[in-house]
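Working notes, structure below.
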Number of protein chains: 2
Amino acid sequence: MDGIAGQAELHRTELFKGATAEILDQVLEGSEIKTYTNRQCLFRTGQLADRIFLVLEGQIQIYLRRGGKHAVLSIMGPGEAFALRAILGTGRHTGTAEAIGGCRVLEIPAPLFSRLICDPAIAIRIIHMLTTRLQALSDQVGRIQLMQTTQRLADYLLSLTPKDSDVCEVELPFEKSLIAAYLGMEPESFSRALMNLRSHGLTCEGRKVRLQSPGALKALCTEGRA
Amino acid sequence: MDGIAGQAELHRTELFKGATAEILDQVLEGSEIKTYTNRQCLFRTGQLADRIFLVLEGQIQIYLRRGGKHAVLSIMGPGEAFALRAILGTGRHTGTAEAIGGCRVLEIPAPLFSRLICDPAIAIRIIHMLTTRLQALSDQVGRIQLMQTTQRLADYLLSLTPKDSDVCEVELPFEKSLIAAYLGMEPESFSRALMNLRSHGLTCEGRKVRLQSPGALKALCTEGRA
DNA sequence: CGGACTGTTGACGTCATTCAAGATAAGTGG
DNA sequence: CCACTTATCTTGAATGACGTCAACAGTCCG
């Protein structure tokens, strides 16, 4: 991982998918590429926001913290951008961003970003990005409010598998405790939920999970009560 | 409430705040204004989405339903627009929208909306709107995950009062059971939470709530555990 | 006056967290 | 490469918060 990025790399991101070479140049020229190590903090709640972040490599968790508790709002992967709201709105970050493993991030200064969103094509891409995240957050609220821990985990595991797949094997993309936080439960509850799913045709070893019967899990989620 | 809206009315919405007369004409021309009565449904989960909705009068709740449970994602007021995601993404609604009391709504067909977002000024306004909603939803996740019922209610009540106000009186904007659902709790829990807050300087009668000491409530929310 | 709706209160049950300990895995230095 | 330390994960038992069920009190409207 180094501090250089080419147009090709930006072109692969959702934000700059169809952008002209001219714009990409402008972006690469005016922005900075930073690398972060595991657990390193990009920003914290309350800090002044002066740039937006575009993930090039690795993953970053955005979370809230209060009284020892930890609520993961989202996990950003390559191609995703964040901290838009802080730039456009309050001017301060309202959450904390922390690298999950090593990351490479393009950091676009606010003034440059303000110019970029005047380009209709980019603005529309941003709108798409935002609605997607809105959807993800809505799903998260739904999951937390209307499902219990075991169901939430089942739902999450299914979201990792290809649609309508039969027996299949998945590798958990993060540490279990991080997934637990993302699903709004304690690590202990996560562990127990995983245990419960054994009786619904699931086996696991380390981070490798085998779903013997995705259908049964799907039923579990849809079900009124477990 | 009737089916007519003027440019002035649109001009007051966040979306069309600075729009040209030409655009407003286009919108008024191509859209439909509908009125809904209390509890009436605008759309349900899974239905095809062919328009976006802009609230002119009244309020509308967006919620998810599963196994008898009810999770309110947001409550839209005058000037707010929704169902963007359904238009831009899946083509189907992922939640249910229901009128709270009587409502008047501008319904903009998808094709017209697609043309509108090519206008950079409108696109930027939409981006602002979306980031604001993203913030609201993030707050909601935070509230549900890291506060308990009494704290959530305190936090909500404070959000209804002017910032840094002293002793003050608020009127709950909705039925208590709706607020309860919005805060992710049962009506009974809401009632008890309200009870608990009595010892923190709160009195209430019907929907009128008096906060003797907003500071104490704020402390309650910030506090690690209640 | 009677019925439906909204909100309150109490008793009880359930699920998830909390606390504590142990097991497994991973990383470190000799 | 192995002993040792440090994280991560699992398991058990106890607590506690919230939900559930049921009954009742106001309130609104016909």
Side-chain angles (χ1 to χ4, degrees), chain A residues 37-39 61 66-71 98 100-102 143-156 171-199 202-209 220 223-226, chain B residues 37-39 61 66-72 98 100-101 143-154 156 171-199 202-209 220-221 223-226:
Chain A
T37 60
N38 190 25
R39 295 275 159 99
Q61 64 166 316
R66 172 178 302 218
K69 283 205 176 299
H70 183 107
E98 187 182 298
I100 303 170
R143 240 192 326 230
I144 294 170
Q145 302 237 101
L146 335 151
M147 299 167 112
Q148 36 201 49
T149 51
T150 306
Q151 292 176 307
R152 295 212 282 274
L153 176 56
D155 186 64
Y156 176 76
E171 170 127 24
L172 298 179
F174 313 105
E175 285 178 358
K176 290 182 179 175
S177 57
L178 175 58
I179 301 178
Y182 178 67
L183 295 177
M185 63 183 86
E186 299 304 311
E188 294 94 324
S189 297
F190 181 95
S191 191
R192 284 186 241 272
L194 209 51
M195 200 55 181
N196 290 338
L197 289 180
R198 293 254 178 87
S199 53
L202 176 144
T203 53
C204 73
E205 188 177 323
R207 282 199 193 162
K208 289 226 183 303
V209 176
L220 223 185
E223 202 171 314
R225 272 315 74 207
Chain B
T37 60
N38 190 25
R39 295 276 158 99
Q61 63 166 317
R66 173 181 304 222
K69 285 205 175 297
H70 183 106
V72 176
E98 187 181 298
I100 303 169
R143 240 191 326 230
I144 295 170
Q145 302 234 106
L146 7 108
M147 298 167 111
Q148 37 201 52
T149 51
T150 307
Q151 293 176 306
R152 296 212 281 274
L153 177 55
Y156 176 76
E171 170 128 22
L172 298 179
F174 312 106
E175 285 179 357
K176 290 181 180 175
S177 55
L178 176 58
I179 301 177
Y182 178 66
L183 294 177
M185 63 183 88
E186 299 303 311
E188 292 96 327
S189 297
F190 182 95
S191 192
R192 285 187 242 270
L194 208 52
M195 201 53 179
N196 291 337
L197 289 179
R198 293 254 177 86
S199 53
L202 176 143
T203 54
C204 74
E205 187 176 324
R207 282 200 194 163
K208 289 227 183 303
V209 176
L220 222 184
C221 295
E223 202 171 314
R225 275 314 71 211

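Residue numbering restarts at 1 for every chain, and letters A, B, ... go by the order of the sequence lines. Hydrogens, waters and symmetry mates are skipped; everything else that's a heavy atom, side chains included, is used.
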Q: Let me have a per-nucleotide readout for nucleotides 23-30 of chain D, 5' to 3', with B, S or -, counting only protein heavy atoms under 4.0 Å.
A: --------
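- Taking atom CZ of residue A/Phe190 and atom P of nucleotide C/dT18, one finds them 17 Å apart after rounding to whole Å.
- The distance from atom CD of A/Gln148 to atom P of D/dT20 is 9 Å, rounded to the nearest whole Å.
- The shortest side-chain heavy-atom distance between A/Glu186 and A/Lys69 falls under the 4.5 Å cut-off.
- Across the protein-nucleic acid pair, B/Ile144 atom CD1 and D/dG19 atom C1' stand 15 Å apart, rounded to whole Å.
- Protein atom CD of A/Gln145 is 16 Å distant from nucleotide atom C1' of C/dA16, rounded to whole Å.
- At the heavy-atom level, B/Arg39 lies under 4.0 Å from the strands shown only through sugar-phosphate atoms.
- Within the 4.5 Å cutoff, the side chain of A/Phe174 has no heavy atoms near those of the A/Tyr182 side chain.
- An OP1 or OP2 oxygen of C/dT6 is reached within less than 4.0 angstrom by no side-chain nitrogen or oxygen of B/Ser177.
- The residue A/Ser189 sits close to a base: some heavy atom pair falls under 4.0 Å.
- To the nearest angstrom, C1' of D/dC18 lies 10 Å from NZ of B/Lys69.
- Of the listed nucleotides (D/dG19, C/dG7, C/dA16), C/dG7 has the atom at the smallest distance from the side chain of B/Glu175.
- Using a 4.0 Å heavy-atom criterion, one finds that A/Gly184 contacts the sugar-phosphate atoms exclusively.
- For B/Met195, taking side-chain heavy atoms from C-beta onward, the closest of the listed nucleotides D/dG19, C/dA16, C/dT9 is C/dT9.
- For the residue pair A/Gly184 and B/Gln145, the shortest heavy atom distance occurs at CA-OE1, 2.9 Å.
- Environment of CD in B/Glu171: crowded, with over 12 heavy atoms of neighbouring residues, nucleotides or ligands closer than 6.0 Å.
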Could I get a table of every N or O pair under 3.5 Å where one atom is in the protein and the other is in nucleotides 19-28 of chain C?
{"residue": "C/dC19", "atom": "N4", "partner": "A/Glu188", "partner atom": "OE2", "Å": "3.3"}

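- A side-chain donor-acceptor contact under 3.5 Å links B/Arg152 to the backbone of B/Leu183.
- For B/Asn38 and C/dA4, the CG to P distance is 18 Å, given to the nearest whole Å.
- In this structure, the side chain of B/Lys208 does not engage the main chain of B/Thr203 through any donor-acceptor pair within 3.5 Å.
- Remark: the backbone N or O of A/Leu220 is paired with a side-chain donor or acceptor of A/Gln151 at under 3.5 angstrom.
- Contact annotation: the side chain of B/Thr149 never approaches that of B/Arg192 to less than 4.5 Å [non-hydrogen atoms, C-beta and beyond].
- At the phosphate of D/dC9, neither OP1 nor OP2 sits under 4.0 Å from any side-chain N or O atom of A/Ser191.
- OP1 or OP2 of D/dA7 has not a single side-chain nitrogen or oxygen of A/Lys176 nearer than 4.0 Å.
- Between the side chain of B/Lys176 and the main chain of B/Arg207, no donor-acceptor pair closer than 3.5 Å is present.
- Between the CG atom of A/Asn196 and the P atom of C/dA16 there is a distance of 9 Å, given to the nearest Å.
- A/Arg66 places a side-chain N or O within donor-acceptor distance of the main-chain N or O of B/Cys221, the cut-off being under 3.5 Å.
- For the pair A/His70 NE2 and C/dT17 P, the computed distance is 14 Å after rounding to whole Å.
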